[in-house]
Engineer: 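Take this structure first; my questions come after.
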Amino acid sequence: MMRNPNSLTFTGFMDGVKRRNKGQTEFHQAVAEWAHDVIPFVNENPHYQDHNLSERMTEPDRVIMFRVTWLDDDGRIRVNKGYRVQQSNAIGPYKGGLRFHPSVSLSVLKFLAFEQVFKNSLTGLPMGGAKGGSNFNPKGKSDGEIMRFCHAFMCELYRHIGPFTDVPAGDIGVGGREISYLFGQYKRLTNQFTGVLTGKGLSFGGSEIRVEATGYGTIYFMEDMLRHQKQDIEGKTCLVSGSGNVAIYATEKLIQHGAKPVTLSDSSGFIHDPDGITKKKLKWVKNLKEVRYGRISEYADEFGCEFYPGQRPWSVPCDLAFPCATQNEVNGEEAATLVKNGCIGVAEGANMGSDNDAIAVFRKAKILYGPPKAANAGGVAVSGLEMAQNSMRMSWTRKELNDHLGEIMKGIHERCVEYGSEKGGYVDYVRGANIAGFKKVADALISFGAV
Ligand code: NDP
């Protein structure tokens, strides 16, 4: 049979990606994970071969970079970099979070925006993909400095966003306080009250369950994977990394559903509480992280357990693991330790929590592995529902939204099973999520012609 001139090899495709995006290692990593499944799928399906979809999807529609100038408490003028990567609006307005962290670079935001396109597609809601942020470090800044930075950031961002154009949300370093400052400034600059950001406060257009949605959704996804194997989460010992928004609400749902979370972490190390993190202890953590902006090491002093400085929790024996902090926080060696210690499932609250070596270990061991595109899509899904409520000028109840979230996570699970099932009953959720997420965006691009 003649080879289709438009068929690609993984290596040839990745060489092109690396040549066009020099030095952007996180972006290369995210594309490689996707291309590993998508390139063979495209080659096997003539319908998708002739539209140069892989190259179109890996080139952002637009990258906006700008200077953010603000005044610190000592009256000094400070400068940071601001970004918005608008990756694709093929299936809806650009949608994705803002990250404020010193590690933010164009490569990190391009990987996040790329992932976001397929994650949003998987939710079944009409949302495109984007990501933005700044290398601003919120740690140690006063409330006034955070406010002035957010206002300065919005002074440029506001011209590039809108309820039908691009709807940012939170991510690392951007929670309810920052979204409020950003929204206040947008409103002042445009004289418009619209649903231009999600994750807003409940008194000005926010949605119930949005704060909890990513963490809760990650646990719902794990429960869907377990149920598919006729197991459940009750009584399982669980490792959670991070102690921010996603980690806290993943831990809350684990406790509610009878599992036993035993670790939390931050960038200084992790705590191991073999007795289990209880509802009461978690309430203390919420106050520590959401009100006092303190360090997780204080938990060890408060509740009399060990703190392991500079380490990650993956060597603690467990049944289930939930990376919920940041990218590349589980490597191949740590993944092998998890599997050796009897871990039967991993679901990613964080984006790219596991690196590609770790993913290969999980796939080879055939344990349950919920990739970020699928497992942490609950946050953006409820953001989509916040947009719907804003457009309709109404609010749904907490129960209605929690039910919607559960249904959306089930739908994502079903799509992964549809495209990721293998002989013998094993579900390759990475492949399932990659193919299902790709198909919807691909079909839209083909309909548009050469745009
Ligand atoms: P937060 O800022 O609320 O919390 C981040 C947590 O990760 C903190 O505990 C932080 O510790 C820790 N952390 C950050 N960088 C590092 C590092 N280099 N090493 C170790 N720990 C680190 O962010 P979120 O909880 O919102 O986000 C966590 C992850 O979930 C990210 O990957 C994000 O992209 C992803 N995600 C978030 C969604 C959301 O709705 N918020 C939606 C989907 C995915 P410290 O305080 O010491 O920095």
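Counting convention: from 1, in listed order, for ligands and their atoms alike.
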Engineer: For Lys139 and ligand 1, does the shortest N/O to N/O distance drop below 3.5 Å?
Structural biologist: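 Checking ligand 1 against Lys139, an N or O pair does fall under 3.5 Å apart.
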Engineer: With a 4.0 Å cut-off on heavy atoms, is Arg312 touching ligand 1?
Structural biologist: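 Heavy atoms of Arg312 never come under 4.0 Å of ligand 1.
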Engineer: Check this for me: does any side-chain nitrogen of one of Lys260 and Asp273 sit under 4.0 Å from a carboxylate oxygen of the other?
Structural biologist: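 Between Asp273 and Lys260 there is no salt bridge, as every charged N stays at least 4.0 Å from the carboxylate O atoms.
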Engineer: Among protein heavy atoms, which lies nearest atom 47 (O) of ligand 1, and at what distance?
Structural biologist: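 Here the closest protein heavy atom is Ser267 OG, 2.4 Å.
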Engineer: Among Ile408, Ile412, Ile233, Leu405, find the one that has a side chain to side chain contact (heavy atoms under 4.5 Å, CB included) with Tyr220.
Structural biologist: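 Looking at Ile408, Ile412, Ile233, Leu405, the match for Tyr220 under the side chain to side chain contact (heavy atoms under 4.5 Å, CB included) is Leu405.
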Engineer: Around atom 41 (N) of ligand 1, find the nearest protein heavy atom and jot down its residue, atom name and distance.
Structural biologist: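 Protein heavy atom at minimum distance: Asn245 OD1, 3.6 Å.
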Engineer: Out of Thr326, Val382, Asn376, indicate the one that has the non-hydrogen atom closest to atom 16 (C) of ligand 1.
Structural biologist: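 Among Thr326, Val382, Asn376, the closest heavy atom to atom 16 (C) of ligand 1 comes from Thr326.
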Engineer: Please confirm whether Arg210 approaches ligand 1 to less than 4.0 Å, judged on its heavy atoms.
Structural biologist: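 Per 4.0 Å heavy-atom rule, Arg210 contacts ligand 1.
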Engineer: For the pair Glu223 and Lys236, find out whether any cationic side-chain nitrogen is under 4.0 Å from an anionic carboxylate oxygen.
Structural biologist: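 Not counted as a salt bridge, because no side-chain N and carboxylate O are separated by less than 4.0 Å.
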Engineer: Is ligand 1 less than 4.0 angstrom away from at least one heavy atom of Ser265?
Structural biologist: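 Distance cut 4.0 Å: Ser265 passes for ligand 1.
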Engineer: Any atom of ligand 1 sitting under 4.0 Å from a heavy atom of Gly173?
Structural biologist: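 Judged by the 4.0 Å heavy-atom criterion, Gly173 does count as contacting ligand 1.
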Engineer: Say whether Gly242, considering both its backbone and side-chain N or O atoms, lies within less than 3.5 Å of an N or O atom on ligand 1.
Structural biologist: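 For ligand 1, there is no N or O atom that lies under 3.5 Å from one belonging to Gly242.
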Engineer: Which atoms from ligand 1 have a heavy atom of Ser243 less than 4.0 Å away?
Structural biologist: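 This gives 9 (O) as the contact atoms.
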Engineer: Just to confirm my output: which protein heavy-atom neighbour is closest to atom 30 (O) of ligand 1, and how far is it?
Structural biologist: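 Nearest neighbour among protein heavy atoms for atom 30 (O) of ligand 1, to 0.1 Å: Gly349 O, 3.3 Å.
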Engineer: Of all the non-hydrogen atoms in the protein, which one sits nearest to atom 31 (C) of ligand 1, and at what distance?
Structural biologist: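 Going by distance alone, atom 31 (C) of ligand 1 is nearest to Ala325 O, 3.4 Å.
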Engineer: Could you please spell out the steps behind the salt bridge (charged side-chain N to carboxylate O under 4.0 Å, His left out) verdict for Arg363 and Asp37?
Structural biologist: CA-CA 13 Å; Arg363 281 172 121 169; Asp37 295 315; 3.1 Å; yes
Engineer: Using modelled atom types only, decide if a donor and an acceptor are shared between the side chain of Arg393 and the backbone of Asn390 within a distance under 3.5 Å.
Structural biologist: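 Here the side-chain-to-backbone pair exists.
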Engineer: Out of Val246, Val211, Asn137, who is nearest to atom 25 (O) of ligand 1 when you count heavy atoms only?
Structural biologist: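 It is Val246 that holds the nearest heavy atom.
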Engineer: Within the structure, does Gln327 bring an N/O atom to less than 3.5 angstrom of an N/O atom in ligand 1?
Structural biologist: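 In this structure, Gln327 places no N or O atom under 3.5 Å from an N or O of ligand 1.
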Engineer: Backbone N or O of His151 within a donor-acceptor pair of the Gln185 side chain at under 3.5 Å?
Structural biologist: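 It does hold such a pair.
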Engineer: Within a distance under 4.0 Å of any heavy atom of Ala350, pick out the atoms of ligand 1 and give their elements.
Structural biologist: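 By the 4.0 Å cutoff, the relevant atoms are 29 (C), 30 (O), 32 (O), 35 (C).
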Engineer: Out of Ser268, Gly378, Gly244, who gets a non-hydrogen atom closest to atom 8 (C) of ligand 1?
Structural biologist: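 The residue whose heavy atom sits nearest atom 8 (C) of ligand 1 is Gly244.
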Engineer: Heavy-atom distance under 4.5 Å between the side chains of Tyr249 and Lys286, does that happen here?
Structural biologist: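 Answer yes - side chains close enough.
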Engineer: Should you measure from each heavy atom of His101, which atoms of ligand 1 turn up under 4.0 Å away?
Structural biologist: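 Those atoms are 15 (N).
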Engineer: Do any nitrogen or oxygen atoms of Ala247 come within less than 3.5 Å of a nitrogen or oxygen of ligand 1?
Structural biologist: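 Checking ligand 1 against Ala247, no N or O pair falls under 3.5 Å apart.
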Engineer: When you measure from atom 46 (O) of ligand 1 to every protein heavy atom, which one gives the shortest distance, and what is it?
Structural biologist: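 I find the closest protein heavy atom is Arg295 NH1, 3.6 Å.
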Engineer: For the residue pair Thr218 / Lys253, report whether a side-chain donor-acceptor contact shorter than 3.5 Å exists.
Structural biologist: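 No.
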Engineer: Give a yes or no on whether the ring-centroid distance for Phe270 and Tyr308 is below 6.0 angstrom.
Structural biologist: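 So the answer is yes for these two rings.
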Engineer: Does Gln86 use its side chain to pair, donor to acceptor, with the backbone of His160 at less than 3.5 Å?
Structural biologist: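 Yes: the side chain of Gln86 pairs with the backbone of His160.
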Engineer: Let me see the working for Glu145 and Arg78 under salt bridge (charged side-chain N to carboxylate O under 4.0 Å, His left out), right down to the final yes or no.
Structural biologist: CA-CA 10 Å; Glu145 289 177 323; Arg78 306 280 289 264; 5.3 Å; no
Engineer: May I ask you to identify, for Ser241, whether its side chain, its backbone, both or neither come under 4.0 Å of ligand 1 on a heavy-atom basis?
Structural biologist: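 No part of Ser241 comes within reach of ligand 1.
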Engineer: What heavy-atom pair brings Glu212 and Glu252 nearest, and what distance separates the two atoms?
Structural biologist: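 That closest heavy-atom pairing would be CG-OE2, 4.5 Å.
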Engineer: Under 4.0 Å from ligand 1, counting heavy atoms only, is it the side chain of Thr214, its backbone, both or neither?
Structural biologist: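 Answer for Thr214: side chain.
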Engineer: For atom 27 (O) of ligand 1, what is the closest protein heavy atom, and at what distance to 0.1 Å?
Structural biologist: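 Answer for atom 27 (O) of ligand 1: Ile172 CG1, 3.6 Å.
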Engineer: Please determine which of Gln327, Lys119, Gln116 meets the side-chain hydrogen bond (donor to acceptor under 3.5 Å, both in side chains) test together with Asn351.
Structural biologist: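 Answer to the side-chain hydrogen bond (donor to acceptor under 3.5 Å, both in side chains) test with Asn351 among Gln327, Lys119, Gln116: Lys119.
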Engineer: For Arg99, state whether at least one heavy atom is located under 4.0 Å from any atom of ligand 1.
Structural biologist: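 For ligand 1, residue contact (heavy atoms, under 4.0 Å) with Arg99 is present.
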Engineer: Could you tell me the separation between the CZ atom of Arg62 and the OH atom of Tyr94, rounded to the nearest 0.5 Å?
Structural biologist: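 It comes to 4.5 Å.
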Engineer: Between Tyr186 and Phe153, does the ring centroid distance fall short of 6.0 Å?
Structural biologist: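 When the ring centroids of Tyr186 and Phe153 are compared, they turn out to be at least 6.0 Å apart.
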Engineer: Any N/O of Asn351 closer than 3.5 Å to an N/O of ligand 1?
Structural biologist: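 There is such a contact, yes.
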Engineer: Polar-atom distance check: Asp171 versus ligand 1, any N or O pair below 3.5 Å?
Structural biologist: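 Yes; at least one N/O pair falls below 3.5 Å.
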